[in-house]
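One structure is given here, and the rest of the page talks about it.
To find a chain, count down the sequence lines: A is the first, B the second, and so on, and within it residues start at 1. Computed from heavy atoms alone, side chains included, the values below leave out hydrogens, waters and symmetry copies.
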2 protein chains.
Amino acid sequence: MLNFKHLHYFASVARAGGVIRAAERLHLTPQTLSGQIAQFEERLGVALFDRVGRRLELTEAGRLALSYAEEIFQTGSELEDLLKNGADQRFITFRVGIADVVPKFIAHRLLAPVLNLAEPVRLVCEEDRLDRLLAELALHRLDMVLADRPMPPGTDIKGYSHPLGETGVAFMAAPALAARLTGSFPDCLDGAPLLLPGRDSALHGTLPRWLERQGKRAHIVGEFDDSALMKVFGEAGAGAFPTPAASVADVTAHYQVVSLGETDEIRERFFLISAERRLAHPAARAVSEHARSGLFAQTEKSN
Amino acid sequence: MLNFKHLHYFASVARAGGVIRAAERLHLTPQTLSGQIAQFEERLGVALFDRVGRRLELTEAGRLALSYAEEIFQTGSELEDLLKNGADQRFITFRVGIADVVPKFIAHRLLAPVLNLAEPVRLVCEEDRLDRLLAELALHRLDMVLADRPMPPGTDIKGYSHPLGETGVAFMAAPALAARLTGSFPDCLDGAPLLLPGRDSALHGTLPRWLERQGKRAHIVGEFDDSALMKVFGEAGAGAFPTPAASVADVTAHYQVVSLGETDEIRERFFLISAERRLAHPAARAVSEHARSGLFAQTEKSN
DNA sequence: GCTTGCTGTTCGCGATTTTCGAACAAAGAG
DNA sequence: CTCTTTGTTCGAAAATCGCGAACAGCAAGC
């Protein structure tokens, strides 16, 4: 483990250009700094200074260390400043990672309770691929992640999945395309152009298998990492596309598309993934509780 | 000054979710961590944990501190890794900031000796406005800065200027434009369309004043922060433009332009700016020594 | 030459900080 | 209620840190 006190002394000496000037600034004595730096170098196994004449000159390793040290102490003092001055913030921030494949309307519905809490919350959303979000979660740069699958077991990243609910899948299409598709659902999907969620999505594998079981030919014309982009293509008539049954009302309200029909044989599930087993963040608890209290059931009924 | 040992213990407890589990991982006892964290909180004046039941939960300030701590210790261990494993790098890196206004050919000529040193050097160049480069120099993210002026005295950033040499100024123009300009130099500049280095450049002020002293009308059609962009416009016939006399050969070799003439009454000077008074970096010393040994005088002769 | 003043360094002791053993209080599980 | 597990308080031991004294080497001035 790196000794940050040593690093601090080293950086001070490097900046000041000598142990004596550094000692004055730090209100210490030269021999202290000299000794601590020698100790630091020995512990690292690398010389940080070249002793040339009666002068200290940075080695290449020293330059590297100095640039890192500057960065470290800068973020450190930034933190100190925030804690000492801005600690009595009225806002608590809630950083959520949202997997691309989670439809925006679902994400909004899941997160809506956050903004209605008694204590004001600043919601910070970030969308990306699930694996990258989980990496950020592990570094505590995110408070939670929304995904369409539980924590993948293979990774060595630790995280805990909390199911939020599930819903059937509806198929939507632009009106012009819908008119061309013959037969009732799900027969109308046979051979129809289809847009598929990307490889990262849970539906990516299950949906084609379901079509096959139904004896329908899959004609996949596109795959999309981002569900909103998929909807835009769908609206333009590129193909029919799946969407959570719970968000059909939202989708028809925002896009010029109609529902072809719904099935409960494919289930789309949503999960909250957190770094700790217990949900520590009040906003995360609100999300979990609201979702469990029949959020999807209600909305399916109301549609 | 932030206590990084305290911060480390705090982060460990927050990650582990309790003092006991954290104590096991750190090979310490719970009471040590408990005491150190209490001390840390008191020193900061902020509660990092909420004691709810027999459980520790992060406060909002704690979450903030944790995310900063993660970043700090990650860069710290990155540094440690680099120093311990990659310390015997065969390359030493040399990070140079180049003010936009410094012509590329001049920068190249000044930096060329760096790549011919006995010890191999990895040259990292960054171009930006001088003030931003000086800020980076102060943070030791750059080893030196090349500029067309010495260290500006007004700023509180500290840095030391080392003159590298000076040269007269030549005026260049596209052949078609040059043909239209009547009279010999400098008369031909009277009323001619002129491209000017940007506000950041030393020439920006001196060149119009020189024209005025010559009794020539200045007809400035454009200002450019980046000298290469100015040359491209000049090549297209937008106007005549100044360039260091020492780089006329380079410019005519790379752009379809001709020299209108040169003057020594405007001097363009170039400086090396470093964070320390003495040039510590071997590559920086090489730059300074090569430049001082008549780099510009020779090239002016050879042109 | 020699001296003076400056650099960084080594040594050992005292002061401070850190850590732990012991004991305690309180919350949850059975 | 009892037992386990949690975090905490207290004092004394242990490690670390920082200083005074003395030393070694370089550079400039007499």
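Put simply, chain B comes within 4.0 Å of DNA chain D, heavy atom to any atom, from D:dT5 to D:dT9, going 5' to 3'.
Nearer to the 5' terminus of DNA chain C, by closest-nucleotide assignment, is the contact made by B:Thr29 (compared with the other of B:Thr29 and B:Val52).
Nucleic acid contact class of A:Arg55 (heavy atoms, under 4.0 Å, all strands): none. Nucleic acid contact class of B:Gly35 (heavy atoms, under 4.0 Å, all strands): none. Contacts of A:Leu33 with the nucleic acid, taken as non-hydrogen atoms under 4.0 Å apart, are absent.
B:Arg63 and B:Thr59 share no donor-acceptor pair across their side chains, judged by distance under 3.5 Å alone. B:Tyr160 and B:Glu276 are not linked by any side-chain donor-acceptor pair at a separation below 3.5 angstrom, with hydrogens and angles left out of the test.
Atom pair A:Phe49:CZ and C:dT7:C1' shows a separation of 14 Å (rounding to whole Å applied). The CZ atom of B:Arg51 sits 16 Å away from the C1' atom of C:dA27 (whole-angstrom rounding). The distance between atom CD of B:Gln39 and atom C1' of C:dT16, rounded to the nearest whole Å, is 12 Å. As a whole-Å value, the separation of B:His8 NE2 from C:dT19 P is 11 Å. Note: NE2 (B:His27) to C1' (C:dT18) measures 18 Å, nearest angstrom.
No side-chain donor-acceptor contact under 3.5 Å links A:Arg55 to the backbone of A:Arg51.
Salt-bridge formation is detected for the pair A:Arg278/B:Glu57: a Lys NZ or Arg NE/NH1/NH2 atom is positioned less than 4.0 Å from an Asp or Glu carboxylate oxygen.
Between A:Ser34 and C:dT9 there is a side-chain N or O to OP1 or OP2 distance below 4.0 Å. Not one side-chain nitrogen or oxygen of A:Gln31 sits closer than 4.0 Å to the OP1 or OP2 atom of C:dG12.
Side-chain contact between A:Gln39 and A:His6 is present, with at least one heavy-atom pair separated by less than 4.5 Å.
Checked against B:His281 for a side-chain contact (heavy atoms from CB on, under 4.5 Å), the options B:Asp143, B:Val96, B:Val114, B:Thr93 give a single hit: B:Asp143.
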